[in-house]
Structures are given as structure tokens and as C-alpha cells.
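For reference, the structure is listed below as C-alpha cells.
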Amino acid sequence: AMAVPDKQVASVCPYCGVGCQLTYNVRDNKILYVEGRDGPANHGRLCVKGRYGFDYAHHPQRLTRPLVRREGVAKSATAPMDPARVLEVFREASWEEALALAGGGLARIRDAHGPKSLAGFGSAKGSNEEAYLFQKLVRTGFGSNNVDHCTRLCHASSVAALLEGIGSGAVSNPVMDVLQAEVVIVIGANPTVNHPVAATWIKNAVKGGTKLVVCDPRRSELSRHAHRTLQFKADTDVALLNAMMHVIVAEGLADRDFIASRTSGYEALAENVAAYSPEAMAPLCGIDADTIREVARLYATSKASMILWGMGISQHVHGTDNARCLIALALLTGQIGRPGTGLHPLRGQNNVQGASDAGLIPMMFPDYQRVTEPGVRERFAQAWNVPVAALDDRPGLTVVEVMEAILAGGVKGMYIMGENPAMSDPDANHAREALAALDLLVVQDIFLTETAYLADVILPAGAFPEKTGTFTNTDRLVQLGRQAIDPPGEARQDLWIVQQIARRMGLDWDYGHVSEVFDEMRRLMPSMAGITWARLEREGAVVHPCPEEGHPGTPVVFTDDFPSEDGLARFVPADIIPADERPDADYPMVLITGRQLEHWHTGSMTRRATVLDAIEPDPVALVHPLDLAALGVAPGGVITLASRRGEVALYARADDSSPPGAVFVPFCYYEAAINKLTNAALDPFGKIPEFKYCAIRITPG
Ligand code: SF4
């Protein structure tokens, strides 16, 4: 018989940015099952990850004691990780010893080589309070702005374009607004897989009469519900979007009043798109001119049109340009600032919005206040009780730049909390070489990740259901995740560990309850000023900006003006820039990476969740049946994928959602870590690598 829970705890899902609320049903410190709650983003719905992806927390491979690398065991960037042999590489240590080696070691490197010899990666999986404390530790304890997290690999280019164009990096309207839209464009995103509950609202909107346009080089499940599907050629986003804008300008469909009263830079944009007629762009992007015209008219003339996008837009060397075009499209037609309109870059991680808001980025303090502005530095120095001169006045290094700086000898020590760059960074062999070259690597996590395997000190942390904190979803909704169970063995909550490291670096921190960190944070963040801990406990969720107590929160922003200096939004024209690495005779095919429904990111949690691992247990590459036939490989056969940077072997799955010549591979499989192949070339503005396009070849076996 099924055990009866002795406790029910209201919390949120630890996986994607949709932010579904759920209930943990617990007995004897064990989660028995999970149910959906009536949260603002999910109204009781959950996807397979939220519902079944919880027993990783009870997995026997959880780290339960601090570990220290054994003397004489060298770090190898190429040795495969073997969790069964962990005690041959590391020995167990007391917290006292591990913290002294970690915090004391980082302090010694700082004192010997200066603040810039250290860097820290926090996590978009941690709470707002953890992100806030971590960046405060780097800024006041390390003494630099060398702090970043996986937002750099996700929407950094979207955020760069949004800050430049409309003065705010967050979404303008919540996902649920699709129910009020007449037209919805989903571009470079596969919500059925990556934001599953959001996809259900999009399908509900279609049932209610909304016209859905899906634009993507891969055909997705959502296109079955679409009014039009534009399967454009990979890497031609700017050509397609400029052609749509060309139609809108040439046919007089632009919203002249909106442009005149709320924007600047229209003339330059109109002049630029004049060269991009649908007829000229059709052969480039593989979409006929009539379809481009039809979709442009549909979007421009509806009463309310909304755009949602994902990593297919952002993860290119022209990711910022792609996002500039989407912003321009909305401004050109006045499709922003009202319910059912606007721009929604779908956030990946459960707290990538919140971690960025809380300042876990190298160029800004909390709430996007720039480190380069003297007034901002003064305010934070005062609040943090440090001299102004102690705060670095220059932006720090980003994720990929840190790896370069290690190999160049500049960065010698790192503290990584809950991120796995050995799997998630592009050109992963290179990233692993860098991590292995550090004098001191401290990793704080719940499992022995591929990154932890290269560490000197490993600190065992609490998993999501083992702590309380706030998390901000893709809609800017701040929600409370509540502790349901205790951490196993000697594992401790991240907030405690970060404070212990801080103390050993000379800071006198002593926060009690997590709400004390939240209170300090909201005092420094105008957009969160009105959200009190008591209100979160009462209401469970409040949407920011929420400038004062009693304010209802702001689901739809930009209704009157934009948060830029002059209150106007800016058009920024973009021209075509090709991918950094095009296919050629040696590497004739294109690799596109992403996720699959059952697994999350580098797989450290979902591959240890029984149900999810049973559904998708093995590394696969999705290859067009014609390409498989040409290789002489049957579906299910083993193939080797190689780029100029590395190779992996995995199983071939016949799949015609990409055109022949393009291969899709999920990045969650450590035994076939596909990021060994991807290209680290960066978008110059967002510093995001080009995960969505590189040249590869396939061989059988
Ligand atoms: Fe969790 Fe996202 Fe699935 Fe909701 S849609 S249950 S937040 S993974």
C-alpha cells in the first residue's frame, strides 16, 4: 500500500523558469510524491519533470561529507569520472578542515596575487538569497566583479538587446498573456520540451482562437497547433525578421503614433530594412516571400500580438542582433505595453531571472545597477559597510572569459556553487583544461559533478527541497520555495556554507534566518522594495516591479513609458552576420544542441530521478533518416560525432524534425558530453557562445 504522508509542504518546481507551484508530500524525511498547486503560472498543472523528478534528493550518490583531493592525485581534464572510485581521488574531511582549506586558500591567493586572481560562479538553480550573498562575497570578500552564472550561456544576448533597446532585461508580459493575444509568435523556442506547462497555455490560447506562428529551423510539437510554421534555415534569423519589418514599413502597417511618441531611431531602422525585401531574403532563409508577407501583416495588424523566444534566438554570435530585430518588430507595430502583447524571452532555469536580478553578473550590482557608476558604488559600499575604494569599478569576467583568464595565468582560484561548467561550457575539453589548471578549485554541490571531479575541495550542499528561499520565474513572479526535508548526512544549506567561506576570508557575516538576507536585498533593490517576507508567506507569490508595500505588483510593464533615460525605446538596426563556423568539406553538417523533455541541463538531477532516467536512459543524437541511410546506420546504431574541438559517440535516433544535414543533440549526457564539440565563439555584446551552430561530421560506429 502507498505510504501516507505525514507532512505536506507548499513549494515550487526546481526545474524550469515557468515556476509551477507544487506540494511535497513527505513521510519520515522522504518525499513520497508531488502534486501541482494552484499557482499563478500553473493552476495545478505540472510536467513530467515537476511531477516525477524529485527522488534525486534521496539518491545514494548524494554528497554527504566534505571531500578533499588526496595528496599526489593529479587533476586530469580527460580522465572519465567514476563516482564509484571517488574515495581514491578524494578523502573525507571535517567541515572545519574543508572550510579552512577552501576559504583560507582563497584568501591566501587573493592576498598574494590580488583580487582579480579569484572568480566565482553562482547558480541560477539557487535562491535569490543565495545568489545575493554569493555576489556580495565575491564583491566584498574577493574584491572584484569576477562573478557570473549560467545566464551567460542562456539569455545574455537577449538581455543585452533589451537593456539597450527598452532599458529593462526582463519580460514585458507573463506567459499567461497568450490567452489574451490574437497572434502569438514563438521563435527559436521549443516550449513543449523546455517550458512544458507554458506550452499548454499556448495550446489553450489556440483553442480559444489565437493564431500561433512557430518559427524555427527544427519542426517542434507545437507546430501541430500552429496557424503557420516557418521552418527557416538555421542561422538566418536576421534575414527573416528584417524581411518582415520591410513588409511592415513598405505597406504602411507601422504604428506611426506609437513610433512618434514612444521610440527613437525609427529612420535608421526603416532605411536599413529597405534592403531586405521578402523576395531577396526568401532564398536565404528558405521561406517564400508570400508567407513572410502574410505573417508580417498578421503580426502587425492584430489587436494584440505577442512574441516568445528561446535559445534558438540567443545562442548565436549574432544573438544580440536577433533579439534587436524582435524588439524592433514589437516597437514598429506598437505591440507592447498592453495585455496580450510584448516580448517574452522564456527563461530557462527556475531562478535565472532572480539570480540576475540579485546581481550574480559581472557588470551590475543587484537590480541592474552598474558597477561603473560612482553613485551606485557609494550606495552599495555604505550598505555593505566597506570603503567605496574596496568595490571594483570595472565589470568583471564573464563565464567563458574566466576560462581564458585561467589559462593565461590571471585567475588562479575559483569558488563554484551549483554550476557544472565542465559539462555546460562550450568547447568543454578546453574548459576542463582550464578548471584543472587552477591552483585552488572549491566546488559546492549536491553530487560529484564533472566539475567537482576537478576540484580541490568539495562542499556538500542541501538540495532544493532541503532549504527555504525565494525564486523568480520567467514572468518576474517572486515565489517562496519552502523546506520539506533535511539535508542528508553532514550536507549543509548553501546559505550557511557561503557565510562560513565569507568568515574565513575576513568578513564578519552572521545572518540568521534566510528572511534577513531577503530584507537586506530588497532594501537595495527598488523593484523588490514592496515585497516583504511576511507577504510572501501569506500570498506565496508577488510579481515585481513592486516598488512599495501594498503595491499589487506589475505583471505588464511599459504601459506608459520605458525605463530608459529619456523614457523612450530605441530601434537598433541589425545586419546579417554569418555563424562563426560554417560547414565545409571536412565537417559538412550542422550541430544544434538543446534539451529533451525528461532531462534538465547537465543531467545531474534528472538522470538520478528514477522515472525520468527510465524514459530517457542513453545519450542520443537526432539525425534525419536520409542522413542515416547515407551513413548506412540503422536507427539505434552507434555513431561518432566530431568537430574541430572533440568527438563523442552516441546512439542515432531517426528524426525528421531537422532538415537533412542538421543534427540535434541534448547536452545532458556526461558519457557523451556534446559540449566537447560546440564552438566557444562569442556574441560581442552579450558574450554568449554559439551553442546553436557549429560544423561537425558523422561516422558510423
Ligand atoms: Fe517544473 Fe517547468 Fe515542468 Fe512546471 S513546466 S513542472 S516549472 S519543469
Side-chain angles (χ1 to χ4, degrees), residues 115-116 118-124 128 131-170 314-315 317 319-320 323-324 345 347 349 351-381 383-384 386 388-405 410-411 414-415 417 419 421 425 472 521 524-528 563-565 570 572 682-689:
K116 306 228 163 150
L118 296 180
F121 291 166
S123 173
N128 289 322
Y132 172 81
L133 267 203
F134 192 89
Q135 61 87 39
K136 183 176 171 184
L137 168 68
V138 172
R139 294 193 153 109
T140 61
F142 293 13
S144 82
N145 292 314
N146 285 345
V147 61
D148 208 356
H149 74 290
C150 67
T151 187
R152 196 65 42 211
L153 311 176
C154 167
H155 265 305
S157 48
S158 308
V159 170
L162 287 164
L163 285 171
E164 167 195 71
I166 55 186
S168 161
S314 62
Q315 290 176 335
V317 289
T320 304
R324 282 170 174 152
R347 258 43 188 216
Q349 286 277 16
N351 200 35
V352 67
Q353 180 64 50
S356 305
D357 294 343
L360 205 60
I361 45 178
M363 53 291 281
M364 284 138 175
F365 292 121
D367 231 356
Y368 308 96
Q369 304 179 68
R370 291 183 186 276
V371 299
T372 46
E373 281 179 28
V376 168
R377 281 200 308 284
E378 249 165 59
R379 198 158 55 247
F380 278 91
W384 290 344
V386 294
V388 183
L391 293 180
D392 186 4
D393 61 358
R394 272 182 303 179
L397 298 169
T398 60
V399 165
V400 178
E401 289 172 337
V402 167
M403 299 302 161
E404 296 303 328
V411 170
M414 273 198 84
Y415 179 20
M417 173 178 81
E419 293 237 313
D425 268 27
T472 307
M521 192 173 79
L524 288 161
M525 297 177 65
S527 68
M528 304 262 283
S564 59
E565 254 166 46
R570 255 175 80 197
V572 182
L682 299 183
D683 168 280
F685 307 98
K687 304 281 175 77
I688 194 169

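Residues take their numbers from the sequence shown, with the count starting at 1.
- Residues A358 and P366 come closest through the heavy atom pair O-CG, 3.3 Å.
- Annotation: the span from M417 atom CE to L133 atom CG amounts to 8.5 Å, rounded to 0.5 Å.
- Side chain of D683 to main chain of S157: no donor-acceptor pair is present (N/O by atom type, distance under 3.5 Å, no hydrogens or angles).
- Residues G169 and R347 approach most closely at O-NH2, 2.9 Å, considering heavy atoms.
- With contacts defined as side-chain heavy-atom distances shorter than 4.5 Å, the pair N145/P395 does not qualify.
- The shortest distance between side-chain heavy atoms of P362 and R152 falls below 4.5 Å.
- Two residues are said to be in side-chain contact when any heavy atoms from C-beta on lie closer than 4.5 Å; Q349 and C150 meet this criterion.
- Two residues are said to be in side-chain contact when any heavy atoms from C-beta on lie closer than 4.5 Å; N128 and M525 fail this criterion.
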Can I get a per-line list of side-chain donor-acceptor pairs under 3.5 Å for residues 370-379, giving both atom names and the distance, sequence neighbours left out?
residue, atom, partner, partner atom, Å
R377, NH1, V371, O, 2.8
R377, NH1, T372, O, 3.3
R379, NH2, Q369, OE1, 2.5

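- In this structure, A355 and H149 approach most closely via the heavy-atom pair CB-NE2, 3.5 Å.
- Between R139 and F380 there is no side-chain heavy-atom pair separated by less than 4.5 Å.
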Check against side chain to side chain contact (heavy atoms under 4.5 Å, CB included), K687 and M363
CA-CA 12 Å; K687 304 281 175 77; M363 53 291 281; 5.9 Å; no
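- Using a 4.5 Å heavy-atom threshold, the side chains of I688 and S314 count as touching.
- For the pair I361 and D148, the minimum side-chain heavy-atom distance is below 4.5 Å.
- Interatomic distance, OG of S564 versus CD1 of I166, reported as 9.5 Å (0.5 Å rounding).
- Between A323 and A161 the shortest heavy-atom distance is CB-CB, 3.6 Å.
- Evaluation of the side-chain contact (heavy atoms from CB on, under 4.5 Å) rule for L397 yields N146, E401, V402, A405, V411 as partners, not counting sequence neighbours.
- The CE atom of M521 sits 12.0 Å away from atom NZ of K136, with the distance rounded to the nearest 0.5 Å.
- In this structure, Y415 contributes its side chain and F121 its backbone to no donor-acceptor pair below 3.5 Å.
- For A383, the side-chain contact (heavy atoms from CB on, under 4.5 Å) partners at least two apart in sequence or on another chain are L524.
- Annotation for A124 and E419: closest pair N-OE2, 3.8 Å, computed over non-hydrogen atoms.
- Atom OG1 of T320 and atom CD of E164 lie 8.0 Å apart (nearest 0.5 Å).
- L118 places none of its side-chain heavy atoms less than 4.5 Å from the side chain of S144.
- Nearest heavy atom pair, residue G120 against residue F134, reads C-CE2, 3.7 Å.
- Atom-to-atom distance recorded for L162:CG and R324:CZ is 11.0 Å, nearest 0.5 angstrom.
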